[in-house]
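Worksheet for the structure shown next.
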Amino acid sequence: MKRMLLAGVAAFAYLAGTAQAETVTVFGPWLGPDQENVEAVLKGFAKATGHDYAYVGSDSFEQQIRIDAEAGSAPNVAAFPQPGLAGDMAKGGFLTPLAAGTDDWVRENYAAGQSWVDLGTYAGPDGADNLYGFFYKVDVKSLVWYSPENFEDAGYEVPTTMEELKALSDQIVADGGTPWCIGLGSGGATGWPATDWVEDLMLRTQSPADYDAWVKNELKFNDPKVVAAIEEFGAFARNDDYVAGGSGAVASTDFRDSPKGLFSSPPQCYMHRQASFIPAFFPEGTSVGEDADFFYFPAYAGKDLGSPVLGAGTVWAITNDSPGAHALIAYLQSPEAHEIWMARKGFLTPHKGVDTSVFSDPTLKKMNDILLGATTFRFDGSDLMPGGVGAGSFWTGMVDYAGGKSAEDVASEIQASWDALK
Amino acid sequence: MDNIAGSKSTLTWLVHISVAALVILWLIPTFGLFISSFRTADQIATNGWWQSLFPSEQNLTLRSAAPETQVEQNGLYVIEGQLFEDGAKAKISVWGISSRDIGSYKPGDTAELRKGGNITVQVDGSYRMESSEPFTGSRGSRVFVTATQPPKFTLFNYQDMLFKDGSASGMGKAFLNTFTVTIPATIIPILVAAFAAYALAWMEFPGRAILVAAVVGLLVVPLQLALIPLLKFHLEIGIGKGYLGVWMAHTGFGMPLAIYLLRNYMAGLPRDIIENARVDGATDFQIFVKLILPLSFPALASFAIFQFLWTWNDLLVAKVFLIDATGQTTVMTQHIIELLGTFGGNWEILATAAFVSIAVPLAVFFAMQKYLVRGLLAGSVK
């Protein structure tokens with residue numbers, strides 16, 4: 001009875017169109033400084049709509065959201081770092097489809113709009129496809145970080161093709177330096193930085209269609225094409241001359257510590273391939289754009305694959321339906337919601353209608369240009385694969401590979417674990 | 001007799017030495033954490049805490065002042081200054097101006113800059129740049145020095161954690177919330193378990209042995225198994241996520257150990273006393289309150305310490321049963337995780353947080369540790 005009454009009240013408020021103020025609870029993966037950023041956006045939401053908000057972050061978001069959803073104590077809105085997980089939740093009936101017309105809005109206002117709609121569309125419990133997820137906050141992963149002054153000291157030029165990149169790596173070795181810092185360590189998630197490498201190299205050696213097939217397992221994991229991409233990664237990570245500390249240090253170095261080698265004296269390495277968030281782990285006082293800069297992880301000139309970009313992002317979905325939750329998703333479509341975080345740190349957006357002059361530093365604008373200029377944009381494959389693979393055997397497999405196991409063996413094991421999930 | 005006495009004393013020595021070794025083994029990581037809590041993130045990343053205790057030789061990348069500070073003296077453009085921050089007493093052994101060659105000059109030498117002009121660096125880090133052309137660019141030149149620096153520690157981490165805007169109120173709230181969780185979650189299981197333990201130790205009833213076996217059996221059931229079903233149950237009966245739920249959960253999860261520990265202790269109490277009391281006409285309740293409870297105090301206290309430490313340090317149960325989407329019921333452990341950042345990389349905060357959160361358990365432990373020892377030994381040594 002009480003429930004009906006409440007539902008009635010909610011419906012009435014909704015129909016009457018009055019902004020019935022409520023507290024919208026939001027659950028996301030951001031903590032620390034990132035939490036301040038997301039709360040700044042939510043504050044803007046509260047100001048614009050009159051609703052209140054409560055944000056909780058967790059470093060074990062993936063587990064926590066499952067517990068809350070299963071038990072029925074889910075927040076109103078959750079920001080998933082992995083679309084694969086959101087898809088699973090939609091299938092389980094824990095998500096509410098977004099308001100009608102959101103898909104058209106995304107198509108029109110986001111660069112490569114259709115691909116964002118596809119990434120946010122999942123099958124519901126009844127099997128029907130609906131738009132459940134709205135992408136807000138995107139990361140670009142195809143970046144190589146370096147110290148411009150170290151390049152200048154040694155007289156190196158920023159490479160624009162993969163061939164040049166490999167030639168530069170050899171050049172650095174010939175000069176007595178070490179080109180790369182690679183670290184796969186990340187506690188329970190050890191191995192994920194290598195999955196990004198493999199995905200990036202997959203996009204640079206195979207067609208986007210093959211990449212999509214691979215992510216869906218229509219192209220087997222132990223297909224020669226995938227094995228070749230893993231071996232491409234091995235050409236960097238398993239070459240003792242190429243990696244700071246030797247290839248043995250790759251799996252044991254923490255990914256948070258590995259970029260610090262760029263800034264040590266003398267430099268332990270000259271280049272570091274990592275996503276746009278990594279400056280948070282540069283030594284204190286490092287000025288991005290001056291002490292550290294990045295270039296696009298280049299594509300092979302010899303292969304006609306354009307300039308593919310690998311990225312990731314958070315997908316916002318409604319886990320506990322309420323008018324306030326829909327109001328929040330609607331607010332996230334406003335340029336203002338994007339500009340608040342843009343003016344802070346670590347935020348990129350495919351939104352075409354925002355004022356890019358508000359970016360807090362020019363490097364973010366440069367990254368956003370890479371994002372907007374991509375001929376192919378593909379989402380981080382491991383985030384799209386089933387959790388047991390993308391956040392399991394793919395990670396551990398890459399650690400095994402870095403430790404000396406053959407690419408075929410590793411790929412076959414990952415495929416076997418995928419088969420076991422079916 | 002001498003022989004026996006002699007062997008006893010060597011044995012004592014052996015015990016003392018192994019105790020000392022174990023204590024040192026346990027203290028080293030704690031000590032390292034303590035030292036690390038006074039160091040900045042960059043210091044932690046560059047060298048180990050054991051090196052930070054002594055003056056150490058380090059390779060540093062420093063930067064001269066920006067070209068805009070240059071002055072013109074007798075037709076030369078000059079920038080003068082000090083490479084080290086104020087107050088840093090370091091001694092430069094060698095230095096360089098290129099990252100490819102960081103040790104090519106001695107203090108007092110003059111190096112020619114790639115962009116024109118030259119630079120002289122002294123042993124204490126003071127430098128002078130001269131050029132006939134004005135220096136250009138937005139930043140100074142990099143100077144790579146190899147210098148011996150005295151140990152340097154900072155209270156910044158503690159300040160950052162305890163007194164920073166927003167962080168202070170968050171910490172205070174989390175601290176109070178943790179107490180709100182731990183105190184009832186310690187007292188309730190003791191109350192219930194003491195009654196149960198008495199019944200299982202001294203009251204004759206059919207099925208007692210099986211009941212004891214079941215309790216022992218429950219000790220091995222991992223609590224993770226019960227998390228989601230229990231939370232669903234809580235939501236169904238209307239407790240929801242909150243303090244009541246987390247107290248109940250801690251009570252339930254702590255109960256098997258509590259009953260088992262207390263029953264074993266109570267069963268070891270002298271039978272004569274209890275039988276005498278029975279003969280004198282005392283009821284079970286009187287025996288329990290007047291005899292058993294005072295006599296079992298060491299066991300009760302030792303279990304209280306266990307339960308208190310476990311609930312104080314708990315994150316899993318709190319996350320499942322307490323912390324809801326409003327964020328008002330955060331606890332210390334959760335707050336520390338929030339401080340660690342999205343990727344959990346702030347080691348310095350971790351070290352500091354460990355010492356802030358350890359303070360209360362340490363106080364509790366030292367206040368009650370004589371009971372802990374008595375309670376643990378009571379069953380084993382007669």
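A note on names: the letters A, B, ... follow the listed sequences, proteins ahead of strands, and every chain is numbered from 1.
In this structure, chain B has heavy atoms under 4.5 Å from both the backbone and the side chain of Glu284(A). Neither the backbone nor the side chain of Thr23(A) comes within less than 4.5 Å of any heavy atom in chain B. Looking at Phe263(A), the atoms closer than 4.5 Å to chain B (heavy atoms on both sides) all sit in the backbone: N, CA, C or O. Proximity to chain B (any heavy atom under 4.5 Å) is restricted, for Asp254(A), to the side chain, taken from C-beta onward. Proximity to chain B (any heavy atom under 4.5 Å) is shown, for Phe151(A), by neither the backbone nor the side chain. With a 4.5 Å cut-off on non-hydrogen atoms, Ser186(A) does not touch chain B at all. Looking at Thr330(B), there are no atoms closer than 4.5 Å to chain A (heavy atoms on both sides), in backbone or side chain. At a 4.5 Å heavy-atom cutoff, the contact between Glu290(A) and chain B is made by backbone and side-chain atoms alike. With a 4.5 angstrom heavy-atom cutoff, Gln58(B) does not touch chain A via any of its atoms. With a 4.5 Å cut-off on non-hydrogen atoms, Phe277(A) touches chain B through its side chain but not through its backbone. Contacts between Lys241(B) and chain A at a heavy-atom distance below 4.5 Å involve the side chain alone, from C-beta outward. In this structure, the portion of Asp257(A) lying under 4.5 Å from any heavy atom of chain B is its side chain and not its backbone. Proximity to chain B is absent for every atom of Asn76(A), based on heavy atoms less than 4.5 angstrom apart. Residue contact with chain A, scored on non-hydrogen atoms closer than 4.5 Å, involves the backbone of Leu60(B) exclusively. Contact annotation for Ile102(B): only side-chain heavy atoms (C-beta onward) come within less than 4.5 Å of a heavy atom of chain A.
For the residue pair Ser99(B) and Asp153(A), the shortest heavy atom distance occurs at N-OD2, 2.8 Å.
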Derivation of the side-chain contact (heavy atoms from CB on, under 4.5 Å) call for Ser73(A) and Leu235(B): CA-CA 8 Å; Ser73(A) 58; Leu235(B) 291 167; 4.1 Å; yes
Determine, stepwise, if the pair Leu227(B) / Glu70(A) fulfils side-chain contact (heavy atoms from CB on, under 4.5 Å). CA-CA 11 Å; Leu227(B) 291 179; Glu70(A) 293 273 351; over 6 Å; no
For Arg139(B) and Asp291(A), run side-chain contact (heavy atoms from CB on, under 4.5 Å): C-alpha distance rounded to whole Å, both residues' side-chain angles, the deciding distance at 0.1 Å, then the answer. CA-CA 10 Å; Arg139(B) 320 178 78 197; Asp291(A) 295 322; 2.8 Å; yes
Please step through side-chain contact (heavy atoms from CB on, under 4.5 Å) for the pair Arg63(B) and Glu149(A), ending with a clear verdict. CA-CA 12 Å; Arg63(B) 200 177 280 280; Glu149(A) 284 170 308; 2.9 Å; yes
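Counting heavy-atom pairs closer than 4.5 Å to chain B, the top residue among Arg66(A), Gln64(A), Lys260(A) is Gln64(A). Ranked by heavy-atom pairs under 4.5 Å with chain B, the list Val24(A), Asp175(A), Asp52(A) is led by Asp175(A).
Side chains of Glu152(A) and Ser98(B) form no contact here, defined as non-hydrogen atoms less than 4.5 Å apart.
Here CG of Leu31(A) is found 7.5 Å from CD of Gln334(B). Values are rounded to the nearest 0.5 Å. Taken to the nearest 0.5 Å, the OG atom of Ser58(A) stands 7.0 Å off from the CD1 atom of Ile337(B).
Around CZ of Phe156(B), the count of heavy atoms belonging to other residues, nucleotides or ligands within 6.0 Å does not exceed 12.
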